[in-house]
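Taking it in order: structure first as structure tokens, then the write-up.
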Amino acid sequence: MDVLVFATSVTQKRQVSRVQNLLTKEPAIAQWNFDLDDCDNILRIEASDVSPRYIESLLQKAGIRCQELEY
């Protein structure tokens, strides 16, 4: 299981709801959460065999800025 960390443009809970369906539909994603208190509005994803570029593309198609962070 890999942990992927992204900076996003999500700032409100209603935006989290907007991407919830996208993330929960992906069978390879085991868990995900947002930290809206962080200055980068962090999205953390636990998944198997999911490319960070795929997640970035998925959210960008929904109008959400998303960029992988190195940790």
Quiz prompt | Between CG on residue Leu59 and CZ on residue Arg18, distance to nearest 0.5 Å | solution = 9.0 Å

Quiz item: Any chance CD of Gln60 has more than 12 other-residue heavy atoms, nucleotides or ligands included, within less than 6.0 Å?
Solution: yes

Quiz prompt | NZ on Lys61 to SG on Cys66, rounded to 0.5 Å | solution = 13.0 Å

Quiz item: If you round to the nearest 0.5 Å, how far is CD1 of Ile45 from CD of Gln31?
Solution: 11.5 Å

Practice problem: Locate the shortest heavy-atom distance separating Ser9 from Gly63; write the atom from each residue and the value. | Solution: OG-O, 4.5 Å

Quiz item: Is Met1 reachable from Leu4 through a run of I, L, V, M, F, W or Y residues, each pair having side-chain heavy atoms under 4.5 Å apart?
Solution: no

Quiz item: Can you name the closest pair of heavy atoms from Ala47 and Ile29 and give their distance?
Solution: CB-CA, 3.9 Å

Quiz prompt | pair Ile55-Phe6: side-chain heavy atoms closer than 4.5 Å | solution = yes

Quiz item: For the atom pair CD (Glu26) and OG (Ser48), what is the distance rounded to the nearest 0.5 Å?
Solution: 12.5 Å

Quiz item: So, does Asp40 use its side chain to make a donor-acceptor pair with the main chain of Ile42 at under 3.5 Å?
Solution: no

Quiz item: Which heavy atom in Gln20 sits nearest to a heavy atom in Trp32, and how many Å separate them?
Solution: CG-CZ2, 3.6 Å

Exercise. Return yes when atom CZ of Arg14 has more than 12 non-hydrogen atoms of other residues, nucleotides or ligands closer than 6.0 Å, and no otherwise.
Key: no

Quiz item: Can you name the closest pair of heavy atoms from Lys13 and Leu36 and give their distance?
Solution: N-CD1, 4.1 Å

Self-check item: Pairwise side-chain contact, Arg65 with Thr8, heavy-atom cut-off 4.5 Å (strictly under)
Solution: no

Self-check item: Nearest non-hydrogen partners of Leu58 and Leu23, listed with the distance
Solution: CD2-CD2, 4.5 Å

Quiz item: Run the side chain to side chain contact (heavy atoms under 4.5 Å, CB included) check on Glu46 and Arg44 step by step: do they pass?
Solution: CA-CA 7 Å; Glu46 291 182 33; Arg44 287 182 189 86; over 6 Å; no

